[in-house]
Amino acid sequence: MSTEDLLGTQGSSKGILFLLSGPAGSGKSTLLRRALDEDRNLLFSISCTTRCPREGETDGVDYHFLSDEEFSKKVENNEFLEYAEVHKWRYGTLSNAVIDILNDGKDVIMDIDVQGADQVRGCKDAVISDALVDIFLTTPDIAELEKRLRGRGSEDEDTFQLRMQTTVDEIKRWRDYTYCILSGNHEEDFEVLSSILVTERMRVSRMAP
Ligand code: 5GP
């Protein structure tokens, strides 16, 4: 008799939906890329956005880059699990894409802002609510975030001030999340995120059937 027979866990379990939020400069993108590179069971939720691609970004890989009209059409058709305006652009997650992956038993990680996180938490679909694990990433102090953002040097002063204001507003929301990672260095952040993924996958309630 196999262990699965013994435990009665043969069959398919649903995937986990890891939702990651955090202000610009928290190291979110680097952490996400590393997790996706090293964890074969994790798939990226590709968002839609109306902003233009940055250098090195590919349509259908980093984002689905849409026109304003295309985005509005998807809103009208109720295609979004959540959507929000961030820094004057619109961003949204397609429901079907996420639900299909979860039903397929694979885990998904999404990088969305605090407004989108509110909407996902409020989602009534049991596939989403049972799967959701929300995580906030930030540096322990705002000066470090400001230093990291300044260090990028890619923005004019107005854009920088707008991003800093959004950052302050976002950090105030950290208590809404189940987990909060206080960013140290890339290695430490990755270790903490990995331990959350491992722990959540070991929950008896998630084991099939
Ligand atoms: P960026 O333009 O730098 O890639 O992303 C800007 C912000 O938009 C980030 O805080 C990111 O988390 C957020 N974002 C990216 N995709 C989505 C999405 O699908 N929904 C929401 N609500 N926010 C998103």
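Sequential numbering from 1 along the given sequence is applied to the chain's residues. Ligands are counted one by one from 1 in listed order, and the atoms in each one are counted from 1 as well. This is a predicted model, so every value here is computed, not measured.
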Worksheet entry | Under 4.0 Å to a heavy atom of G116 - the qualifying atoms of ligand 1, by number | 22 (N)

Worksheet item: Side chain, backbone, both or neither: which part of Q115 comes within less than 4.0 Å of ligand 1 when only heavy atoms are counted?
Response: neither

Practice prompt. Could you tell me whether ligand 1 has any atom less than 4.0 Å away from a heavy atom of R54?
Written response: yes

Worksheet entry | Region of R51 that comes within reach of ligand 1 [heavy atoms, distance under 4.0 Å] | side chain

Discussion item. Is it the case that the side chains of T166 and D169 hold a donor-acceptor pair, with the cut-off being a distance below 3.5 Å and no angle test?
Written reply: no

Worksheet entry | Heavy atom of the protein closest to atom 7 (C) of ligand 1 (residue, atom name, distance) | V86 CG1, 3.8 Å

Fill in: ligand 1 to D113 polar contact by distance, N or O atoms, under 3.5 Å
yes

Worksheet entry | Salt bridge flag under 4.0 Å for residues K74 and E70 | no

Fill in: A84: numbered ligand 1 atoms lying under 4.0 Å from its heavy atoms
22 (N)

Fill in: Centroid separation F71 to F80 less than 6.0 Å
yes

Fill in: Distance-only donor-acceptor check, side chains D113 and Q115, under 3.5 Å
yes

Item to complete: Answer with yes or no whether the side chains of Y179 and E200 bring together a donor and an acceptor at under 3.5 Å.
Response: yes

Item to complete: Please round to the nearest 0.5 Å and tell me the distance separating atom CG of D111 and atom OG of S47.
Response: 7.0 Å

Worksheet item: Strictly under 4.0 Å, does any heavy atom of K28 approach an atom of ligand 1?
Response: yes

Practice prompt. Mind checking whether Y63 contacts ligand 1 via backbone (N, CA, C, O), side chain (CB onward), both or neither, at a 4.0 Å heavy-atom cut-off?
Written response: side chain

Fill in: Residue portion contacting ligand 1 (non-hydrogen atoms closer than 4.0 Å) for D111
both

Worksheet entry | Option nearest atom 24 (C) of ligand 1 (shortest heavy-atom distance, choices Y91, F80, W89, Y83) | Y91

Worksheet item: Is there a side chain to side chain contact (heavy atoms under 4.5 Å, CB included) between V133 and L19 once you walk through the steps?
Response: CA-CA 6 Å; V133 176; L19 184 164; over 6 Å; no

Worksheet item: Which heavy atom of the protein is the closest neighbour of atom 20 (N) of ligand 1, given with residue, atom name and distance?
Response: E82 OE2, 2.8 Å

Discussion item. I need the atoms of ligand 1 closer than 4.0 Å to a non-hydrogen atom of T93, numbered in the order shown.
Written reply: 19 (O)

Worksheet item: Would you say S47 has any N or O atom under 3.5 Å from an N or O of ligand 1, going by distance alone?
Response: yes

Worksheet item: Honestly, is R150 close enough over F160, meaning NZ or CZ under 6.0 Å from the six-membered ring centre and within 45° of the axis?
Response: yes

Item to complete: Establish, from distance only, whether the side-chain atoms of Y177 and S21 form a donor-acceptor pair under 3.5 Å.
Response: yes

Discussion item. A quick test of your reading: do over 12 heavy atoms of other residues, nucleotides or ligands sit less than 6.0 Å from NE2 of H87?
Written reply: yes

Worksheet item: Does an N or O anywhere in R163 fall below 3.5 Å from an N or O of ligand 1?
Response: no

